[in-house]
Amino acid sequence: MIAVLGLIAGVVAGLWLEPTVPTELQPYLPIAVVAALDALFGGLRAKLDGIFDDRVFVVSFLSNVVVAALIVFLGDQLGVGSQLSTGVVVVLGIRIFSNAAAIRRHVFRA
Amino acid sequence: MTPDHRSDAPTDAIPTVTDETPTPASAPSSWRVIAFGLRPRASRGQVLAGVLCALLGFAVVAQVRQTRVEGLSNLRQSDLVRILDDSTQRYEQLQREAATLEQTRQQLLSGSDKQKAAVEAATQRAATQGILSGRLPAHGTGIEITLVQQSGRIPAVDMLNVLEELRNAGAEAVQLGNLRLTASSYFTDDASGVVVDGVAIQAPYTWIAIGDPDTMAPALEIPGGAMATVRHDGGRDTITRKADVQVTAVKQITAPEYATPLTGDGG
């Protein structure tokens with residue numbers, strides 16, 4: 001409940017404050033968002049599996065974001081930033097899809 | 001109820017975020033789990049998760065906004081170079097066009113200025129010459145003279161004297177009775193009075209002259225001058241200086257038959 005409220009509050013705050021992304025953060029924010037979405041879906045799946053743990057969720061959320069941003073940063077330094085970004089997005093997308101599939105089987109039993 | 005054993009589950013191949021194998025022995029209804037999860041519990045972890053979700057929502061909105069604003073950051077370098085070239089060329093083209101238009105504007109402006117000045121000068125000249133030639137009515141400071149015949153007859157030569165005196169004193173427009181006097185005006189004697197430009201008029205004669213009253217009135221009163229002659233011939237004169245007199249009579253101007261203006265003189 002608090003998580004859902006937090007999500008809504010964050011969206012509202014974003015619409016309200018109309019933030020501009022700082023230039024240094026611009027390459028990393030999209031990847032970080034995708035990683036966070038992955039963590040969110042993972043947490044929801046764990047919840048449905050009955051093995052949800054607050055601590056694990058928080059740690060996985062933060063580590064996902066940090067690692068994703070780190071990979072992109074490393075890629076930028078190596079000159080393969082866009083390719084590595086694409087790779088990260090693909091991997092995270094697959095994970096989001098698999099988590100979504102598990103959630104679907106829980107909710108709809110299909 | 002527990003589909004985790006199914007071999008076609010994609011989750012089997014890819015590890016989940018939680019890094020724990022989900023094997024609940026008897027999972028309750030998923031909806032009930034969700035409903036239970038939605039129940040607010042103010043544990044530390046819950047609050048932390050809520051904060052993280054808020055951050056996520058904020059970041060998503062910010063990123064969506066950013067993506068909508070910027071269109072170029074997703075392009076490749078070659079595309080960017082091409083766009084830059086295009087815009088530079090377009091800029092130069094527009095710059096040239098602006099310079100041309102500015103030049104045309106200047107020309108038009110100065111042209112219309114010149115034309116306006118010419119029209120103004122011509123209007124001014126037309127007014128001046130219209131007044132001097134008797135074509136236009138006029139008003140201004142001046143004098144009014146009334147000549148009454150008392151004991152004699154005022155001859156045409158006296159009238160001519162008055163006109164000449166007025167001209168010498170700088171009269172700019174002169175009217176006698178309801179006739180405009182100009183450079184070509186003439187006086188002749190008649191049985192009952194004088195004939196001015198072919199029109200017979202009788203005393204009393206009323207003159208209206210526009211000019212400097214303080215110049216014209218003394219000029220007429222010079223000893224042995226115009227008024228002295230009139231009085232000598234048996235007339236009586238009244239001169240009134242006025243701040244505003246109106247010369248309303250006009251003269252029809254005929255186009256010169258033989259004379260044509262010298263071109264290049266301008267006029």
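In what follows, chains carry the letters A, B, and so on, assigned in the order in which the sequence lines appear, proteins first and then strands, with residues in each chain numbered from 1.
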Check: Would you find more than 12 non-hydrogen atoms of other residues, nucleotides or ligands less than 6.0 Å from B:Arg241 atom CZ?
Finding: yes

Margin query: Quick check on side-chain contact (heavy atoms from CB on, under 4.5 Å): which of A:Val11, A:Ile8, A:Leu40 does B:Cys53 satisfy it with?
Written below: A:Leu40

Margin query: Would you say that B:Leu56 contacts A:Val65 through its side chain, given a criterion of any heavy-atom pair below 4.5 Å between the two side chains?
Written below: no

Margin query: Please determine whether the number of non-hydrogen atoms from other residues, nucleotides or ligands lying under 6.0 Å from atom CD of B:Gln124 exceeds 12.
Written below: no

Check: Atom CZ in B:Phe58, atom CG in A:Leu7: separation rounded to 0.5 Å?
Finding: 13.5 Å

Check: Just wondering, are more than 12 heavy atoms of other shown residues or ligands nearer than 6.0 Å to CD in B:Gln106?
Finding: yes

Note to self: Taking CD in A:Gln77 as the centre, count heavy atoms belonging to other residues, nucleotides or ligands within less than 6.0 Å. Is the count above 12?
What the structure shows: yes

Check: At a heavy-atom separation under 4.5 Å, does B:Val60 approach chain A through its side chain, its backbone, both, or neither?
Finding: both

Notebook entry, point to check: Residues in salt bridge (charged side-chain N to carboxylate O under 4.0 Å, His left out) with A:Asp76, at least two apart?
Noted result: none

Notebook entry, point to check: Between A:Leu62 and chain B, which part of the residue has a heavy atom less than 4.5 Å away: side chain, backbone, both or neither?
Noted result: side chain

Next item on the list: Report the residues that fulfil side-chain hydrogen bond (donor to acceptor under 3.5 Å, both in side chains) with B:Glu120, sequence neighbours left out, ordered by chain and then residue number.
Entry: none

Notebook entry, point to check: Any idea which heavy atoms bring B:Ala59 and A:Val33 closest together, and the distance?
Noted result: CB-CG2, 3.7 Å

Checklist line | Contact origin within B:Leu52 toward chain A - heavy atom pairs under 4.5 Å | finding: both

